[in-house]
Amino acid sequence: RLKPAPDMLLDICHRLGAEPARTAVVGDSAVDLAMARAAGAGRVIGVLSGVSRRADLEALAAAVLPSVAYLAPEPAG
């Protein structure tokens with residue numbers, strides 16, 4: 001089934017031996033975040049570097065970041 005059904009996330013967690021509750025999901029649409037919530041993801045993060053506005057993501061995300069670049073560690077100096 002397609003998002004927002006949790007099937008895709010549950011399948012990848014199963015294949016990797018990961019518990020959904022210990023999994024972080026990053027998405028750029030409300031459908032991505034709804035899928036994460038439906039699967040019981042432990043952390044749901046929205047990013048604005050995709051197709052959605054902050055208002056579209058805030059209700060479903062624990063945090064909304066300006067870009068996926070904010071997820072990468074800063075280079076050592």
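Along the sequence shown, residues are numbered consecutively beginning with 1.
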Test your reading of the model: is there a side-chain donor-acceptor pair from D32 to the backbone of D28, 3.5 Å cut-off?
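Present.
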Looking at L60, is its backbone amide N or carbonyl O close enough to the side chain of R37 to form a donor-acceptor pair, meaning the two atoms are under 3.5 Å apart?
yes
Connected via hydrophobic side-chain network under 4.5 Å: [X] and [Y]:
{"X": "I45", "Y": "Y70", "answer": "yes"}
{"X": "L48", "Y": "V44", "answer": "yes"}
{"X": "V31", "Y": "V51", "answer": "no"}
{"X": "L16", "Y": "M35", "answer": "yes"}

Heavy-atom closest pair, residues S29 and S52
CA-OG, 3.3 Å
For L9 and A39, which heavy atoms make the closest approach, and how far apart are they?
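Heavy atoms only, the tightest pair is CD2-CB, 3.5 Å.
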Answer whether the closest heavy-atom distance between the side chains of P20 and L10 falls below 4.5 Å.
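They are in contact (side-chain heavy atoms under 4.5 Å apart), so the answer is yes.
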Got a sec: does the CD of E19 have more than 12 other heavy atoms crowding it under 6.0 Å?
no
Rounded to the nearest 0.5 Å, how far does CZ of R1 lie from CE of M8?
10.0 Å
